[in-house]
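Everything on this sheet refers to the single structure shown next.
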Number of protein chains: 2
Amino acid sequence: MLGPVNRVERKRGRRVEQILAVAAELFGERGYDAVNLEDVAERLDVTKGSLYYYFAGKEQLATAAIETLGTDWTARLEELAATAEGSAAQRLRTLIRAHVAIAVREYPAALRLFLVPRTWPDALRARITEMRRRHDQVFRAVLVEGLESGEFAVVATASTLQAMHAAMSQAPLWCADLPVDEQDRAFDELADTLMKLVSPVP
Amino acid sequence: MLGPVNRVERKRGRRVEQILAVAAELFGERGYDAVNLEDVAERLDVTKGSLYYYFAGKEQLATAAIETLGTDWTARLEELAATAEGSAAQRLRTLIRAHVAIAVREYPAALRLFLVPRTWPDALRARITEMRRRHDQVFRAVLVEGLESGEFAVVATASTLQAMHAAMSQAPLWCADLPVDEQDRAFDELADTLMKLVSPVP
DNA sequence: CCCTCTGTTGACTCGCGGGTCAAACTTTGC
DNA sequence: GCAAAGTTTGACCCGCGAGTCAACAGAGGG
């Protein structure tokens, strides 16, 4: 039997989800150290102490929150990869755009997750690494496909993926402050630019 | 009259340099919050209180340290750009390699300076932005040159530079732990990969 | 209406790290 | 050799934020 058994457990489950949603947002925005539990509690119109009823501590809360964030993000990427139509190039471009859009619009500082994992407690590092591995996996699959079909040409798969990932993760920093319509143009430009990494040369 | 006038001031100047060297290393490695002044002091075989004789506070110390780090790094890039021989492509590749090597070998976590500037106090943000602007300037110059001579083709100058910068800054994260000889191969691969961003397509 | 179980509170402890300062020590100039 | 200036120390203050906990609601259930 999956899921909560009775009304009480369901209620608790919903509460946990609310907390995780807020926590994911804050940890995604600010990183680990810069989030304090009072802030999380305040956003839930609740007191800090109450969080400890659901989670053993900051680290556990952050771990669960990252899990949530990661699962959501990964799921969307994977679904997109599964449903996207067209050539490998078209699909890769779609993925890049979507990934950048999620990063910028929803987790504007989630790059911290990937870029400075050393500041996170050990337990979290593993989750973050795993999350990144799964993201990479989605991109790698399309990349390999395009390579095998001869549609793409790359110097080295590893550094191509690294470069792509770096550029995408960093996007929030330089286009978070742009107005929305310019953001869209920036996403397109970045996607086109990154496609050059896989384009064949004469 | 430039420079310190008497022996006392020279001595003080040297002490300040020692402190800044250590501070630049630590701030470059760990970011702002994660550095505490006790650590800085300990590395200098000195007490925390003593730092306050030379600097008004953590923020001022960090500002000066970043200044040092930035000046050194920028100067080396600029000198390399000025002395490098060959086509625009050859020079760009040289710059990329050098930049990555400096990032990985000397300031292994300096990417935090660029990547998460929102965690730094306002005063520091300006310095960091300026440092990055100067780095970009060096690359932009070569890029524009190659474009004008028809050697390069890019989708958009801005996102090309962004992508390059992102990939280079992030390099320390994924190749800091490699043995030195593999690092060199990784640098080469990354440089070759990034050159694709400017390569003309048929 | 009371009893129990689930949640919530707010006042508390505690350690950490930035910042202060008078006193002690060292160097320098005469 | 001594006074003044320069430098270092270590004990101390203070605020912040994580974590604790006894006391206090409500919501059902009998």
Side-chain angles (χ1 to χ4, degrees), chain A residues 3-23 25-27 29-66 112 118-124, chain B residues 3-27 29-66 112 119-124:
Chain A
V5 207
N6 54 39
R7 188 142 82 255
V8 177
E9 278 183 36
R10 267 202 306 279
K11 199 173 168 188
R12 184 186 174 93
R14 257 180 280 125
R15 198 90 189 86
V16 167
E17 273 173 40
Q18 288 172 11
I19 297 173
L20 286 181
V22 170
E25 202 178 325
L26 283 177
F27 282 113
E29 249 173 60
R30 305 188 194 166
Y32 186 76
D33 290 332
V35 169
N36 68 14
L37 297 190
E38 311 253 25
D39 290 349
V40 178
E42 200 181 348
R43 284 224 195 170
L44 290 158
D45 287 316
V46 147
T47 326
K48 182 178 57 168
S50 190
L51 296 178
Y52 283 86
Y53 181 72
Y54 296 97
F55 296 93
K58 185 180 183 179
E59 197 172 318
Q60 285 76 2
L61 174 58
T63 307
I66 296 307
R112 290 192 205 178
R118 281 158 221 275
T119 63
W120 296 77
D122 285 347
L124 275 160
Chain B
V5 207
N6 55 40
R7 186 144 82 256
V8 176
E9 279 183 37
R10 265 203 307 280
K11 198 175 168 189
R12 184 185 173 94
R14 255 179 282 125
R15 198 89 190 88
V16 166
E17 272 174 39
Q18 287 172 13
I19 297 173
L20 285 180
V22 170
E25 202 178 324
L26 283 177
F27 282 113
E29 249 174 58
R30 304 188 194 167
Y32 186 77
D33 290 332
V35 169
N36 67 13
L37 297 188
E38 311 254 24
D39 290 350
V40 178
E42 200 181 349
R43 285 225 196 170
L44 290 157
D45 287 315
V46 147
T47 326
K48 182 178 56 168
S50 189
L51 297 177
Y52 283 87
Y53 181 72
Y54 296 97
F55 297 93
K58 186 181 183 179
E59 197 172 318
Q60 285 77 3
L61 174 57
T63 306
I66 297 307
R112 289 194 204 178
T119 61
W120 296 78
D122 286 347
L124 274 160

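By convention in this document, chain letters (A, B, ...) are assigned in the order of the sequence lines, proteins followed by strands, and residues within each chain are numbered from 1.
Residues B/Arg15 and B/Lys11 form no side-chain contact, since every pair of their non-hydrogen atoms from C-beta on lies 4.5 Å or further apart.
Among C/dT27, D/dA18, C/dG19, the nucleotide with an atom closest to any side-chain atom of B/Lys11 is C/dT27.
If you take CZ of A/Arg14 and P of C/dG7, they are 11 Å apart, rounded to a whole angstrom. Rounded to whole Å, the distance from NZ on A/Lys58 to C1' on D/dG17 is 8 Å. Going from atom CD of A/Glu38 over to atom P of D/dG19 covers 12 Å, rounded to whole Å. The nearest whole Å value for the distance from the CD atom in B/Glu9 to the P atom in D/dG6 is 9 Å. For B/Leu37 and D/dC14, the CG to P distance is 20 Å, given to the nearest whole Å. Note: CD (A/Gln60) to P (D/dT20) measures 10 Å, nearest angstrom. Rounded to a whole Å, the CD atom of A/Glu59 is 12 Å from the C1' atom of D/dA18. As rounded to whole Å, 17 Å separates atom P of C/dT27 from atom CZ of B/Arg12.
Looking at residues two or more places apart in sequence or on another chain, you find a side chain to side chain contact (heavy atoms under 4.5 Å, CB included) between B/Gln60 and B/Ala56. Scored by the side chain to side chain contact (heavy atoms under 4.5 Å, CB included) test, B/Glu38 finds B/Asn36, B/Lys48 as partners (sequence neighbours excluded).
For the pair B/Val35 and B/Lys58, the tightest heavy-atom approach, listed with the atom from each and the gap, is O-NZ, 2.8 Å.
B/Arg15 has no side-chain polar atom (N or O) that falls below the 4.0 Å cut-off from OP1 or OP2 of D/dG6.
In this structure, B/Phe27 and B/Trp120 have tilted ring planes: the angle between them lies in the 30° to 60° band.
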Next item on the list: Show the numbers, then the answer: is there a side chain to side chain contact (heavy atoms under 4.5 Å, CB included) between A/Gln18 and A/Val46?
Entry: CA-CA 12 Å; A/Gln18 288 172 11; A/Val46 147; over 6 Å; no

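Residue-level contact check: B/Val40 touches neither bases nor backbone, having no heavy atom under 4.0 Å from any strand.
Of the candidates B/Thr63, B/Leu20, B/Leu37, B/Phe55 forms a side-chain contact (heavy atoms from CB on, under 4.5 Å) with just one, namely B/Leu20.
Of the residues in residues 44-56 of chain B, those placing a heavy atom less than 4.0 Å from an atom of DNA chain D are B/Val46, B/Thr47, B/Gly49, B/Ser50, B/Tyr53, B/Tyr54, in numerical order.
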